[in-house]
K.L.:
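Dropping a structure here in structure tokens format, bear with me for questions.
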Amino acid sequence: MPRTPPFHVWVDLTGRWSAAAPGVLLAWRHSDHRGWEAWVVRVESYSTGRGSEVLVTQAWVPSTLVRPADDRRR
């Protein structure tokens with residue numbers, strides 16, 4: 001079984017690990033169709049043209065797009 005939540009993670013929805021966003025992994029789930037997924041809350045900054053804002057989202061994402069924050073491969 002994967003590590004017990006909650007814990008700090010990096011999330012990169014592109015899978016390239018060039019723009020990972022900080023997040024917190026809240027839960028795991030597994031299905032035969034999709035495999036392991038992580039329920040994460042992530043924070044991303046974006047430019048408004050006049051400054052920056054922060055977007056907070058939560059979603060189930062494939063476990064391959066999530067890494068523990070203490071993983072140095074980020």
K.L.:
Please report, to 0.1 Å, the donor-acceptor pairs under 3.5 Å made by any side chain of residues 39-46, with sequence neighbours excluded.
P.N.:
from : atom 1 : to  : atom 2 : distance (Å)
R42  : NE     : T57 : OG1    : 3.4
R42  : NH1    : E44 : OE2    : 2.0

K.L.:
Quick check for you: to the nearest 0.5 Å, what is the distance between F7 atom CZ and L26 atom CG?
P.N.:
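Nearest 0.5 Å value for the CZ-CG distance: 10.0 Å.
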K.L.:
Could I get the full list of side-chain contact (heavy atoms from CB on, under 4.5 Å) partners for S31, not counting sequence neighbours?
P.N.:
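Counting only residues at least two positions away or on another chain, S31 forms a side-chain contact (heavy atoms from CB on, under 4.5 Å) with H33, R34.
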K.L.:
OG1 of T64 to CD of E37: how many Å apart, nearest 0.5 Å?
P.N.:
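So the OG1 of T64 and the CD of E37 are separated by 10.0 Å.
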K.L.:
Excluding sequence neighbours, so at least two apart, what forms side-chain hydrogen bond (donor to acceptor under 3.5 Å, both in side chains) with T14?
P.N.:
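Once residues adjacent in sequence are excluded, the partners of T14 under the side-chain hydrogen bond (donor to acceptor under 3.5 Å, both in side chains) criterion are D12.
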K.L.:
Looking at every non-hydrogen atom in both residues, tell me the closest pair between P5 and A27 and how far apart they are.
P.N.:
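Minimum heavy-atom separation between P5 and A27: CG-CA, 3.8 Å.
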K.L.:
Hydrophobic clusters here meaning ILVMFWY residues chained together by side-chain heavy-atom distances under 4.5 Å, can you tell me if W60 and V56 are in one?
P.N.:
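Yes; tracing contacts between hydrophobic side chains, which count when under 4.5 Å, links both residues.
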K.L.:
First locate atom CH2 of W10, then atom NE2 of H8, and finally report the distance between them rounded to the nearest 0.5 Å.
P.N.:
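It comes to 5.0 Å.
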K.L.:
Please list all pairs passing the salt bridge (charged side-chain N to carboxylate O under 4.0 Å, His left out) test where one or both residues lie in residues 17-28, with sequence neighbours left out.
P.N.:
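Every pair satisfying salt bridge (charged side-chain N to carboxylate O under 4.0 Å, His left out) with a residue in residues 17-28: there are none.
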K.L.:
Output all residues satisfying side-chain contact (heavy atoms from CB on, under 4.5 Å) with S63, sequence neighbours left out; order by chain, then residue number.
P.N.:
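With sequence neighbours excluded, S63 shows a side-chain contact (heavy atoms from CB on, under 4.5 Å) to W28, W36, given in chain and number order.
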K.L.:
Do V61 and V24 land in one hydrophobic cluster if side-chain heavy atoms of ILVMFWY residues count as linked below 4.5 Å?
P.N.:
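Looking at the clustering, V24 is in a separate group from V61.
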K.L.:
Is any side-chain heavy atom of H30 closer than 4.5 Å to a side-chain heavy atom of D32?
P.N.:
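They are in side-chain contact.
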